[in-house]
Q: 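Can you keep this structure in mind? I'll have questions shortly.
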Amino acid sequence: MATSVQPETTTEDERVSEPRLRMKPDGAERGQVDGGWWPRSTDLEAELPSLAAALEQWVGPVTRVSYHLDTWGPATRKVYLGDRIVPLEGFRFTNPHTITAIGSNARQVILLVVPPETPREAAHAALRAAAGDEFPTATSEILAGKGVPA
């Protein structure tokens, strides 16, 4: 069973503040991603604080984030997460369907990014597939297989 950060029953306030994140279970074959994330917008600076807080159990405090420049809106090169400055590294050569978070313990997670405008059912299906312990699949195949335009 995949680990879900957001409980199934939440209040509206909790739904807005909690990241929509599912991670692979411990011991699952990693494949191309370690889980999936469905952000609410393409504003990386606004989305990152809740994601980083949720990822601490996997990577420790997030110390660096890399992303595809064309997937997200304009972002600064550094963002404050609590009392830390975290570099944001945007590239065009990385997978446009992923984001990588590196933690203080040198662990990293690569997450499938489900576009914010994705309908709820398709987004949840893509998150379950990204976090599943089935044979690892390419990110574009996960999205397309769940009806998400990639």
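The structure presented is a predicted model; accordingly, all values stated were derived computationally and were not measured. Excluded from the calculations below are hydrogen atoms, water molecules and symmetry mates; all remaining heavy atoms, backbone and side chain alike, are included.
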Q: Among all residues two or more places apart in sequence or in another chain, which pass the salt bridge (Lys or Arg N to Asp or Glu O under 4.0 Å) test with Glu56?
A: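 None.
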Q: Residues in side chain to side chain contact (heavy atoms under 4.5 Å, CB included) with Thr118, at least two apart?
A: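 Thr118: side chain to side chain contact (heavy atoms under 4.5 Å, CB included) contacts with Trp38, Val114, Pro115, Ala122, Ala123, Val148.
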Q: Residues two or more places apart in sequence or in another chain: which of them pass side chain to side chain contact (heavy atoms under 4.5 Å, CB included) with Ala53?
A: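 Applying side chain to side chain contact (heavy atoms under 4.5 Å, CB included) to Ala53 gives none.
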Q: Calculate, to the nearest 0.5 Å, the distance between atoms NE2 and CG belonging to His97 and Leu143 respectively.
A: 6.0 Å
Q: Is there a side-chain contact between Arg84 and Pro61, using heavy atoms and a 4.5 Å cut-off?
A: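 A side-chain contact exists here, since the closest heavy-atom pair is under 4.5 Å.
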Q: Quick one, Leu111 and Leu51 - any side-chain contact, counting heavy atoms below 4.5 Å?
A: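 Contact flag for Leu111/Leu51 side chains = yes.
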Q: For Asp70, check side chain to side chain contact (heavy atoms under 4.5 Å, CB included) against everything at least two apart and list the hits.
A: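 For Asp70 the side chain to side chain contact (heavy atoms under 4.5 Å, CB included) partners, ignoring immediate neighbours, are His68, Arg92.
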Q: Using ring pair (Phe, Tyr, Trp, His ring centres under 6.0 Å) as the criterion, list what pairs up with Tyr80, not counting sequence neighbours.
A: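 Checked Tyr80 against ring pair (Phe, Tyr, Trp, His ring centres under 6.0 Å); zero matches.
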Q: Got a sec, which residues hit side chain to side chain contact (heavy atoms under 4.5 Å, CB included) with Thr100, two or more places apart in sequence or on another chain?
A: Ser66, Ile102, Gln108, Ile110
Q: Do Leu44 and Thr71 have side-chain heavy atoms sitting under 4.5 Å apart?
A: no
Q: For residues Leu55 and Met23, determine if any side-chain heavy atom of one lies less than 4.5 Å from a side-chain heavy atom of the other.
A: yes
Q: Does a side-chain heavy-atom distance below 4.5 Å link Ile99 with Trp37?
A: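 Yes, side chains in contact.
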Q: CZ/Arg22 to CZ/Arg128 distance, rounded to the nearest 0.5 angstrom?
A: 6.5 Å
Q: Which value, rounded to the nearest 0.5 Å, describes the distance between Lys146 atom NZ and Leu112 atom CG?
A: 11.5 Å
Q: Within the side chain of Arg20, is there an N or O that forms a donor-acceptor pair under 3.5 Å with the backbone of Pro39?
A: yes
